[in-house]
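Treat the numbers as computed from the prediction; the structure is a model and nothing was measured. Lettering follows sequence order; numbering is per chain, from 1.
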Amino acid sequence: MIAIEARKLGFMYAGSSSWVLKDIDLEIYEREFVLLAGRSGCGKSTLLRCFNGLIPYFYEGELEGEVKVYGLDTRNHPPYILSQYAGMVFQNPDNQLFALTVEADIAFALENLSLPRDEIRERVDWALKVMGIEDLRDKSPNELSGGQKQKVAIASILAMKPKIIILDEPTSSLDPASAKQLIDTIAELNYKLGITIIIAEHRLDMLLPYVNRLIVMNDGRIVFQGNPRDILEKYDVMPYGVPVPRVVRVAQQLKKTLSGSTISRIPLTVDELVQDIRRWRSGK
Amino acid sequence: MIIFENVEYTYPNGFKALSSINLEIKDGELVALMGENGAGKTTLLKHLNGLLKPSSGRVIVNGVDTRHATVASLSRDVGIVFQNAEDMFFSPTVWEEISFALHNFGYQEEVIKKRVGWALKFMELEDYRDKSPFLLSGGEKKRLALAIVLAWSPKIVALDEPTVGQDVLQKEKMIQIIRQANQQGKTIIISSHDVEFIADLQPRIILMSKGKIIKDGYAEEVLTDLSLLKECRLIPPQMVSLTYELGFLGIKPHLGQPEDIALEIIRRLR
């Protein structure tokens, strides 16, 4: 089932004279884990904003083509409808949290949907549990670390039970251990709960093991998309500002120097490369 | 020369951000402060130009005790580029933004022109001289913030998380700029938890955790110490993780460029 569909999508922000998105054609299916990569300013954030109605409802500008979220055209379905399908998590969790307690923050959107009390309580409990932050329930968002705040922000989206969660560089201000934890939790939402994930991130080394589709953007267009292993094998994506993990570069050099069959696949993790080297060594 | 002597710092809300910091940084050094969020890296940087003064102990910058000097006078020697570059901006154009501090320091108009011109060129911002700083992209804003500081040529340049929000090509550029400024004799102090960036830069590393310095050593030594990195919520550079696993080939854990490590693997395999 198609979750998001974009046809001939273009966008230009009001007051600007250049198109930030150009001629984007894209289909994202249910349960996919999609990673958007590319240089700063290539249009990743703008594309994400088209997926939950922030464009055209919140950001003014010229929209061309169409975007459908579960068949709903984003031009005539406002964000409060679309947000029940696609929730969005931003770079800075401080912009998303405002209530006095974590629990109240997560319950806020549900109260606005006028859900029954019991259902709200149930969903808040569930979201806290899934994100592994039950101990933070009564805390003030202000006293949390960056990683904890980001988990609360995701929990408040999760409580809306969206089918799709969109994340725009959610780990950029986190230290590496917190970033890894957050990414592992996001991956669980995908493979345990079947939530479609669309994420823009620079930490490819942490994400690639989970991702089924890599989309590389440049200057408002999609230049490559597909299985990350295939893309890294076939194309040189470094000039597009994609931070190719260093193990991939080791493998590429090995391939170049040794005969092609030695390294049979492009490894996405250190473990994969080490396995390949062991196998090659014992088979020699 | 920068000296921290038994420095403690407690924020007005009672949070103790630094405790028993003893540190010496010589002229022309390249130093990275690493550690988890909240380890005290930014608090330490703010002591360099007197934005914060120690609750106890003292900080001496080029012979001056920061408790007895103003931020304005210390700033001649110490320029700090904060994480959120935009917070520094207020002028209508990039040119004016860079020249502002120079006017305040009382430089002659001729000198100002020369220096602003040099900074724009060095940071590749010449095309933007008449543009509003607020209309620049994230990467350009970071470069402008650095241009502002470099223009008044402080002996010490501190950079707070220079790679946050930067793409991989901008990071490479940042490495070149930092190396160049360091080669020109400037002391560079960077706070960062970007291990791959620091692995490429290979500075002296001061590892912080919970307000304390827990290790002070060179990149190779610090970044290959897995238990120490874990304590600071850092993840080892990928090449360190890889070489750790390649003990069966007789390869020792170390830093290095991927291409070099590949050649090393081939040598061992043959």
Side-chain angles (χ1 to χ4, degrees), chain A residues 15-16 37-42 44-45 91-92 145-148 169 171-181 202-206 237-258 262-263 267 269-271 273-275 277-278 280-282 284, chain B residues 34-39 83-84 135-140 142 161 163-172 192-196 199-200 229-249 251 256-270:
Chain A
S16 162
R39 297 211 59 173
S40 318
C42 72
K44 301 187 294 280
S45 297
Q91 210 173 90
N92 185 351
S145 72
Q148 289 171 328
E169 300 194 12
T171 75
S172 64
S173 60
L174 305 186
D175 57 47
S178 311
K180 173 118 191 18
Q181 244 185 27
H202 293 294
R203 300 189 200 257
L204 262 69
D205 47 349
M206 296 180 186
V237 293
M238 294 228 274
Y240 296 104
V242 179
V244 174
R246 286 162 201 236
V247 285
V248 173
R249 285 166 55 193
V250 173
Q252 283 165 343
Q253 182 69 41
L254 289 176
K255 272 188 108 131
K256 220 192 286 176
T257 317
L258 301 167
T262 311
I263 298 294
T269 62
V270 167
D271 287 347
L273 178 60
V274 172
Q275 275 171 25
I277 293 173
R278 277 184 188 279
W280 190 68
R281 182 168 173 257
S282 60
K284 202 172 70 153
Chain B
M34 301 192 78
E36 77 270 0
N37 286 343
Q83 187 175 337
N84 195 352
L135 294 180
L136 302 181
S137 74
E140 290 156 1
K142 274 248 143 103
E161 295 288 358
T163 64
V164 165
Q166 302 271 296
D167 66 41
V168 63
L169 301 175
Q170 289 163 339
K171 283 186 197 183
E172 277 171 20
S192 179
H193 39 58
D194 188 335
V195 281
E196 301 291 359
D200 279 346
L229 293 179
K230 197 166 176 195
E231 202 180 324
C232 301
R233 305 188 60 76
L234 297 174
I235 286 174
Q238 213 173 28
M239 291 303 96
V240 171
S241 304
L242 176 64
T243 48
Y244 247 96
E245 298 293 324
L246 294 179
F248 65 93
L249 290 179
I251 293 177
Q257 289 302 312
E259 291 71 21
D260 297 333
I261 287 172
L263 296 177
E264 206 177 330
I265 292 168
I266 292 166
R267 262 201 312 278
R268 304 280 180 160
L269 279 172
R270 277 186 176 146

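Chosen from M206(A), R278(A), H202(A), the residue pairing most often with chain B at heavy-atom distances under 4.5 Å is R278(A). The residue among S172(A), G241(A), A179(A), G38(A) with the most heavy atom pairs within less than 4.5 Å of chain B is G241(A). If you tally non-hydrogen atom pairs under 4.5 Å between each of G35(B), A262(B), C232(B) and chain A, the highest count goes to A262(B). Highest contact tally toward chain A, considering only D194(B), L229(B), I235(B), is held by I235(B) [criterion: heavy-atom pairs under 4.5 Å]. Interface check for chain A: of the options L234(B), I261(B), T163(B), the most heavy-atom pairs under 4.5 Å are formed by L234(B).
With a threshold of 4.5 angstrom between heavy atoms, L242(B) approaches chain A through its backbone and through its side chain. Within the 4.5 angstrom heavy-atom criterion, only backbone atoms of V242(A) (N, CA, C, O) approach chain B. With a 4.5 angstrom heavy-atom cutoff, F248(B) touches chain A via backbone and side-chain atoms both. Heavy atoms of E196(B) lying under 4.5 Å from chain A belong to its backbone as well as its side chain. Heavy atoms closer than 4.5 Å to chain A are found in the side chain of L249(B), but not in its backbone. For chain B, the nearby parts of P245(A) are the backbone and the side chain; heavy atoms of each come within less than 4.5 Å. Heavy atoms closer than 4.5 Å to chain B are found in both the backbone and the side chain of S40(A). In this structure, the portion of M238(A) lying under 4.5 Å from any heavy atom of chain B is its backbone and not its side chain.
V244(A) has its side chain out of reach of L204(A): every pair of non-hydrogen atoms, C-beta onward, lies at least 4.5 Å apart. R233(B) is listed as a side-chain neighbour of S178(A), based on a closest heavy-atom distance under 4.5 Å.
For the atom pair E169(A) CD and L174(A) CG, the distance stands at 11.5 Å (nearest 0.5 Å).
Here the shortest heavy-atom pairing between T257(A) and R270(B) reads O-NH2, 4.3 Å.
Judged as a side-chain hydrogen bond (donor to acceptor under 3.5 Å, both in side chains), and not counting sequence neighbours, Q238(B) has no contacts. Every residue two or more places apart in sequence or in another chain was checked for a side-chain hydrogen bond (donor to acceptor under 3.5 Å, both in side chains) with Q166(B), and none qualifies.
Of the charged side-chain nitrogens involved, none lies within less than 4.0 Å of a carboxylate oxygen, so that D200(B) and K171(B) do not count as a salt-bridged pair.
H193(B) and E36(B) share no side-chain donor-acceptor pair at under 3.5 Å.
Tested against P267(A), the residues L254(A), V250(A), L273(A), V248(A) include a single side chain to side chain contact (heavy atoms under 4.5 Å, CB included) partner, L273(A).
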